[in-house]
Structure formats: C-alpha cells, structure tokens
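Okay, so here's the structure we're looking at.
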Amino acid sequence: MSSVPNHVLAIIEKLESAGFEAVLVGGCVRDLYMNRRPSDWDVATSATPCQVMAEFRRTFPSGIKHGTVTVLSGRGSVEVTTFRSDGDYSDGRRPDNVSFQTDLVTDLSRRDFTMNAMAMRREGEIVDPFFGARDIDAKTVRCVGDPVMRFREDALRIFRAFRFSSVLGFAIDRETMAAAAICSDRCAALSSERICAELCKILMTSRTGLINRILELGLLNRYLLIPGTPVDYISRVGYLSYDQTIRICAFCHLLLKSGQIESPPAFLRDLKLDRHTISVCSKALLNYSDPPADAPTTWKNLLSRESEPVVRCVAALADLEFGGHAFTGQLNSVIRSGECYSTGTLAVNGRDLLEIGFDNGFEIGLTLRFLLDYVIAHPTDNNRYALLLMAKQRLINPIE
Ligand code: ATP
Ligand code: MG
C-alpha cells in the first residue's frame, strides 16, 4: 500500500470514515500485486454516486449511469464507482442496466478476469474471492465464472484476454481460450474503435505473434478478404521501433502481402484510425519497394519527397522483411549525417533564383527540385556558387 498515492488513500479514508466500504479495484490491484506501476487508480465503494458526490467538494459525474463519479483532488482525479451488478447484455457489449450493490464480492464477480477481480483495502489486505493472485502467479488469463457466458455478455473481453496475454506475457487458460473460439462470431458486433484500441495495445508489445491467434479465430474477419488466415512474420512486428504508426503499417503490409486486404487506407478507415496514421501508412506502403532501398541516396530521395514518419515506416517494412534493424539504422545515419535532402537545407533558395532572373514560380520550383536531386547525388556540392551557376545555365537553356 506504500506505493498508493496519498490523494487516493485520502479518498478511501474519507468514504470509510463516513461509514462506507471503499477499496482499490481492478487493474491497479493487479499491477500492485505484480510490482508494476498502475496506469490509473480505481476505487469501488458501497456508497451510491449521490453519496460519493456529497462527500467530496469537487466531483464530476463521469459515468453516472454505471455508477462512476470522478473525484478531483489537487494531485489528480480518481474514478470512484459504486459496487454494482450488471443486468442482461442484449447488445453483446454493454449491460442493459446496472444495479447498485452494497456487497464487494458481487461487484468483483462482474469483472472480466480473475486478475482484474481483486480488491485491496486501505491497510493493504487483498480481497481475492476468484483466486486472481494464484492466476497471476501462474501467469494465466482466466475469466471470472463461465467463460462462454462472460464472452457472450461482452465479446470485447475476448480481445482484452489477448491484450492482457500479450502485455503481461500470460497464457490464456484452456477453457477461456476454447470459449473465445466458441464466441468468436460475437466480435462482429463490436465497435471498430474498441477493437482497434485493443489491437494497437497488442501491436505495441513484443508478443505480436498472438495476433495470428486472433486472425485464426476469425476475430477480424469482418475487415479481411480471407477469413481465419494467419500471416507470416507477425512476431517480427514486436521487434520494430516502439511506434504505433510503424507497427500498424507493418501489420497492414503483412495483410496486404497475404492477400487479406486490397486497400490499406480502406482497411485502416474501417478500423476507425485517425487520418494522420492512415495517410502515413498508406504513403509508406506505396513507397515500399522490394527489394528495398539500401543506398543513402535512395533514402535521401525518399526523404526529399515524403515526410520523415513515412520514410521511417518504409525502413521498418524493410527491417520486417529482412529481420534486424539494418534499414532503420541506415536511415538514421542518413538523417544524422546532416547531408542535404530538402530544399530547406539547399545552399540556394527561391529568392536567390529570382535575383538571377527567374520570374516564374513554377520554373523556380522545378529548378530547386533539379538542384536538390543533383545535391542528393553529390552531397559535397551543396555550394551556393556552383548551384547558382547551374541554375543560370538552366535559365539560358531551359529544359523542354
Ligand atoms: P489497464 O492497466 O489497461 O488500465 P485495467 O484492468 O485497469 O487495465 P480498465 O479497462 O481500466 O482495465 O478497466 C478497469 C477494470 O474494470 C478492470 O480491471 C476490470 O476489473 C473491469 N473491466 C473493464 N472492462 C471490463 C469488461 N469489458 N468486462 C468486465 N470487466 C471489465
Ligand atoms: Mg485501468
């Protein structure tokens, strides 16, 4: 409990002194047990949302329908959720209604996995009715209760199982995995935003090989042309730079190669990715050539035409195909070399060309590009005098 921030402890203490039960729950308890740093702190309490709001000066009803009130304190905000049980899940994702409860174990029983169904009291006692600690020790992701029922209620839990498995390096329990296969068709109804968020978290781990299990189970069938088919090299994605766009691009590349998608932008749009990611990935996939660029000049040429993130993706695709990080290394050396690959670092600019007699913006643009191509091929010739001379010759003998 020593690593729980004081403002979180203070919230629990205040609720307790008002006569309510209040505990830490969910991911933060799991992470504390595993000696990992929790990403957020969730408090569950027997107090109703109104009672919580009455206890604290600054609150915000962030998810009042589900019993969640955000308590704001000087040190940060904490979500405080009333103990609850969930009603039916007729949409396969969210409970139709929830009812507030006063019993902690009832609240823990609605949670997805045993490791996420532990609570911790202020003095450090762990409440663990579903043996989450035992499963954490055995590195196992296991549903609370009957996995088929739990996945039928909410199919996003299938993706969450794979996500926790890849993030934590846990195996998925046999029955839980079998239930994922039985309920796989339920994923068709999930929102793309939620699927995408889980997929991105998996892509950002070193265990991207698990994505092939997701493909084999058909969890992404609605986006793909060939159902249930794994792709080659998916584990290599986990060794690429820790950059979400690069890894999404690599995943698209593998799907494209195996004929599972035809249009990367359409696939990424279906997954509801943001426009910047879609644009960078699509440009990189168009610019990737097999065999890939492997000379400094080729990288500089690419850098002169596309943004650095696009070129980084292209280098990553080459690394993906060949293993290792040689292409990214080569690109880094080109960037570090300080050699010119953009008109911004060319020794002459548009104003210089105006001064020597150019009077047409289009021609100035073409000439700068011509000079840039020359300097990319001859890095030691980025010299104002020599370049102005070349430009003047072009002025006298314009290229048709
Ligand atoms: P992270 O470290 O990624 O935040 P987390 O376990 O805290 O992981 P959250 O999505 O923040 O995950 O959810 C907090 C808690 O709410 C979970 O630990 C779990 O107890 C419960 N929970 C979240 N999503 C579901 C779900 N779909 N079904 C059942 N319980 C869920
Ligand atoms: Mg969390």
Side-chain angles (χ1 to χ4, degrees), residues 3-5 8 23-45 62-63 65-70 76-89 91-96 98 101 104-120 126-133 135-136 140-170 176 179-180 183 186-187 189-191 193-205 207 219 244:
S3 42
V4 182
V8 180
V23 290
L24 285 172
V25 276
C28 61
V29 181
R30 174 198 71 225
D31 289 341
L32 285 176
Y33 182 81
M34 294 179 69
N35 278 325
R36 287 165 56 96
R37 182 136 50 116
S39 56
D40 45 24
W41 301 93
D42 290 319
V43 170
T45 179
S62 47
K65 241 181 78 185
H66 296 106
T68 304
V69 170
T70 300
S77 60
V78 177
E79 290 202 340
V80 178
T81 305
T82 303
F83 295 157
R84 66 171 219 232
S85 58
D86 296 339
D88 289 339
Y89 283 74
D91 69 353
R93 169 69 192 104
R94 287 180 182 287
D96 301 339
V98 305
Q101 304 286 338
L104 170 60
V105 176
T106 306
D107 181 82
L108 295 177
S109 70
R110 72 165 173 92
R111 295 174 183 273
D112 48 5
F113 305 112
T114 57
M115 63 181 161
N116 291 345
M118 303 194 290
M120 193 186 268
I126 289 194
V127 182
D128 183 16
F130 304 103
F131 307 106
D135 282 336
I136 292 175
T140 303
V141 179
R142 185 195 310 276
C143 279
V144 173
D146 173 11
V148 172
M149 229 170 79
R150 304 311 309 280
F151 288 156
R152 280 202 179 130
E153 285 172 352
D154 175 5
L156 188 70
R157 291 171 187 156
I158 302 177
F159 277 96
R160 283 174 61 88
F162 282 104
R163 190 248 290 188
F164 286 117
S165 167
S166 60
V167 170
L168 301 173
F170 285 15
T176 299
C183 303
R186 304 272 171 145
C187 290
L190 292 174
S191 87
E193 286 88 344
R194 299 309 297 264
I195 291 179
C196 185
E198 297 298 332
L199 205 55
C200 287
K201 286 181 185 164
I202 299 173
L203 282 170
M204 293 307 284
T205 70
R207 301 181 188 89
L219 305 185
Q244 186 167 294

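Computed from a predicted model, the values in this text were never measured in an experiment. For ligands, and for the atoms within them, numbers begin at 1 and follow the listed sequence.
- When hydrogens are left out, the protein atom nearest atom 30 (N) of ligand 1 is D112 N, 3.2 Å; that is the closest non-hydrogen contact.
- Here the protein heavy atom with the shortest distance to atom 14 (C) of ligand 1 is D42 OD2, 3.8 Å.
- Ordered by chain and number, D40 OD1 make up the set of protein N, O or S atoms under 2.8 Å of the Mg ion (ligand 2).
- For ligand 1, the atoms lying closer than 4.0 Å to a non-hydrogen atom of F164 are 6 (O), 8 (O).
- Of the protein's non-hydrogen atoms, the one nearest atom 15 (C) of ligand 1 is R111 NH1, 3.7 Å.
- By the side chain to side chain donor-acceptor pair (under 3.5 Å) test, T176 pairs with D173, sequence neighbours left out.
- Checked by atom type and distance alone, the side chain of S166 pairs as donor or acceptor with a backbone atom of F162 at under 3.5 Å.
- Nearest protein heavy-atom neighbour of atom 11 (O) of ligand 1: D40 OD2, 4.3 Å.
- On a distance-only criterion, G26 and ligand 1 share no N/O pair closer than 3.5 Å.
- The atoms of ligand 1 that sit less than 4.0 Å from any heavy atom of D154 are 26 (C), 27 (N), 28 (N).
- When the side chain to side chain donor-acceptor pair (under 3.5 Å) test is applied to T205, no partner is found at least two apart in sequence or on another chain.
- What sits closest to atom 3 (O) of ligand 1 on the protein, heavy atoms only, is R163 NH1, 2.7 Å.
- Near R157, with a cut-off below 4.0 Å to any heavy atom, the atoms of ligand 1 are 26 (C), 27 (N), 28 (N), 29 (C).
- The shell of residues lying under 4.0 angstrom from ligand 1, judged by heavy atoms, excludes E153.
- For the pair M118/I136, a side-chain contact is recorded, criterion being any heavy-atom separation below 4.5 Å from C-beta on.
- Here the CG atom belonging to L168 is positioned 4.5 Å from the CE atom belonging to M34, to the nearest 0.5 angstrom.
- Each of V127, V25, L32, V23 was compared with M120 under the side-chain contact (heavy atoms from CB on, under 4.5 Å) criterion, and only L32 meets it.
- For S62, the side chain to side chain contact (heavy atoms under 4.5 Å, CB included) partners are F60, T68, T70, E79, not counting sequence neighbours.
- Under the 6.0 Å distance and 45° angle rule, R30 does not count as a cation-pi partner of F170.
- Nearest heavy atom pair, residue D42 against residue C28, reads N-SG, 3.8 Å.
- Here the side chains of D112 and V144 are not in contact, with every heavy-atom distance at 4.5 Å or above.
- In this structure, CZ in R160 is found 6.0 Å from CD in E198, a value given to the nearest 0.5 Å.
- With hydrogens left out, the protein atom closest to atom 6 (O) of ligand 1 is R30 NH1, 2.8 Å, a heavy atom.
- Remark: distances from the non-hydrogen atoms of A117 to ligand 1 are all 4.0 Å or more.
- Using a 4.5 Å heavy-atom cutoff, the side chains of N116 and F164 are in contact.
- Counting protein heavy atoms only, atom 20 (O) of ligand 1 is closest to N116 O, 2.9 Å.
- Few gaps surround OH on Y89; more than 12 heavy atoms of other groups in view lie less than 6.0 Å from it.
- From the protein, the heavy atom lying nearest to atom 13 (O) of ligand 1 is R160 NH2, 3.9 Å.
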